[in-house]
Amino acid sequence: MKDIRGTMKNMIRSVANTSIFSTSSTDKNSGRLGCFGWLLVLVSLLFIIVTFPLSIFMCLKIVNEYERAVIFRLGRILDRKPKGPGLFFVLPCTDAFVKVDLRTVSFDIPPQEILTKDSVTVAVDGVVYFRINCPISSVANVSNAHSSTRLLAQTTLRNVLGTKNLAELLSDREGISLSMQESLDEATDPWGIKVERVEIKDVKLPQQLQRAMAAEAEASREARAKIIAAEGEMKASRALKEASLVIAESPSALQLRYLQTLNTIAAEKNSTIVFPLPIDMMQAFMNSK
């Protein structure tokens with residue numbers, strides 16, 4: 001039992017010495033801990049040795065595959081890089097750590113009342129997808145990265161859509177989304193956040209404007225329908241004129257047309273058939289009078 005206890009003490013000393021030596025190289029750049037700081041670290045190591053093996057449960061921490069841990073030793077970031085995934089070692093009383101989730105997060109932008117460039121008031125909402133790509137910056141450079149990104153997305157939506165006309169807002173959603181993504185990505189880069197996608201969900205127009213646009217669209221459709229009908233009548237009249245010229249050149253063609261019409265009527269199973277009488281047969285009676 002004493003051998004096992006001695007082995008565990010040596011292991012803790014080696015791990016602690018490794019952490020101390022690793023911090024000494026970074027302290028040259030970020031400021032040294034000082035004599036009092038090293039004294040606290042030594043006291044913490046002594047506490048680990050005295051309370052072993054209970055202290056091992058306080059020193060060993062685990063982070064998941066999608067998480068990283070930012071360790072602070074006496075208020076300074078350790079190694080200037082996050083720990084994880086897996087098992088890592090912290091000193092009690094002197095070390096504190098913050099877990100950062102690296103998975104993609106999505107949130108809805110609440111409906112925003114926006115005045116467009118052509119003085120039309122619309123309500124627009126959207127959705128933003130982002131993730132943390134630098135845990136150190138997200139912890140050290142901003143107090144709450146998620147909340148700050150939400151507020152910035154709302155103001156960016158107002159600023160971008162305020163420079164667009166209503167027609168551009170309704171037709172060019174993809175371009176607006178891309179412009180918002182670039183603006184958000186550039187603004188959140190110092191916070192260690194990567195904006196992956198921005199989408200415009202819905203554009204709500206006032207009721208009066210909806211009725212006016214519907215009336216305008218209906219009138220436009222009616223005008224196009226009348227133009228198409230007039231063009232059809234014109235083409236039909238030209239075709240009838242050409243057909244009359246052909247029939248006038250050959251009187252027998254009119255008789256063939258009569259017979260074709262009778263064939264069409266007989267195929268429909270009608271009980272009454274109207275047989276057109278050629279006017280040429282009536283000319284003899286008209287001349288006799």
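The shortest non-hydrogen separation linking L115 to T121 is CD1-OG1, 3.7 Å. Contact record, F88 with V63: CE2-CG1, 3.6 Å, taken as the closest heavy-atom pair. The minimum heavy-atom distance linking T188 with T149 is given by the pair CG2-OG1, 4.3 Å. Residues V195 and Q181 come closest through the heavy atom pair O-NE2, 3.5 Å. For the pair K83 and I71, the tightest heavy-atom approach, listed with the atom from each and the gap, is CG-CD1, 3.3 Å. Here the shortest heavy-atom pairing between S148 and V142 reads OG-CG2, 3.4 Å.
Counting heavy atoms from C-beta on, the side chains of K61 and L87 never come closer than 4.5 Å. A heavy-atom distance below 4.5 Å is found between the side chains of F89 and L91. Contact of the D185 side chain with the E182 side chain is not registered, since no non-hydrogen atoms from C-beta on lie closer than 4.5 Å. Contact annotation: the side chain of L161 never approaches that of T163 to less than 4.5 Å [non-hydrogen atoms, C-beta and beyond]. Annotation: side chain of P110 is in contact with side chain of Q154 (closest heavy-atom distance under 4.5 Å).
R224 and S220 share a side-chain donor-acceptor pair at under 3.5 Å.
Applying the ring-ring contact (aromatic ring centres under 6.0 Å, His included) test to residues at least two apart or on different chains, none of the pairs has a partner in residues 189-210.
Contact check on K204 versus D125 returns no salt bridge, with no Lys/Arg side-chain nitrogen under 4.0 Å from an Asp/Glu carboxylate oxygen.
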Scan the side chains in residues 130-141 for donor-acceptor partners under 3.5 Å anywhere in the protein, sequence neighbours excluded, and list what turns up.
unit_1: R131; atom_1: NE; unit_2: E196; atom_2: OE2; d: 2.7
unit_1: S138; atom_1: OG; unit_2: P135; atom_2: O; d: 2.8
unit_1: N141; atom_1: ND2; unit_2: P190; atom_2: O; d: 2.8

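By the ring pair (Phe, Tyr, Trp, His ring centres under 6.0 Å) test, Y129 pairs with no residue at all, sequence neighbours left out.
Within the 3.5 Å criterion, the main-chain N or O of M180 finds no donor-acceptor partner in the side chain of S183.
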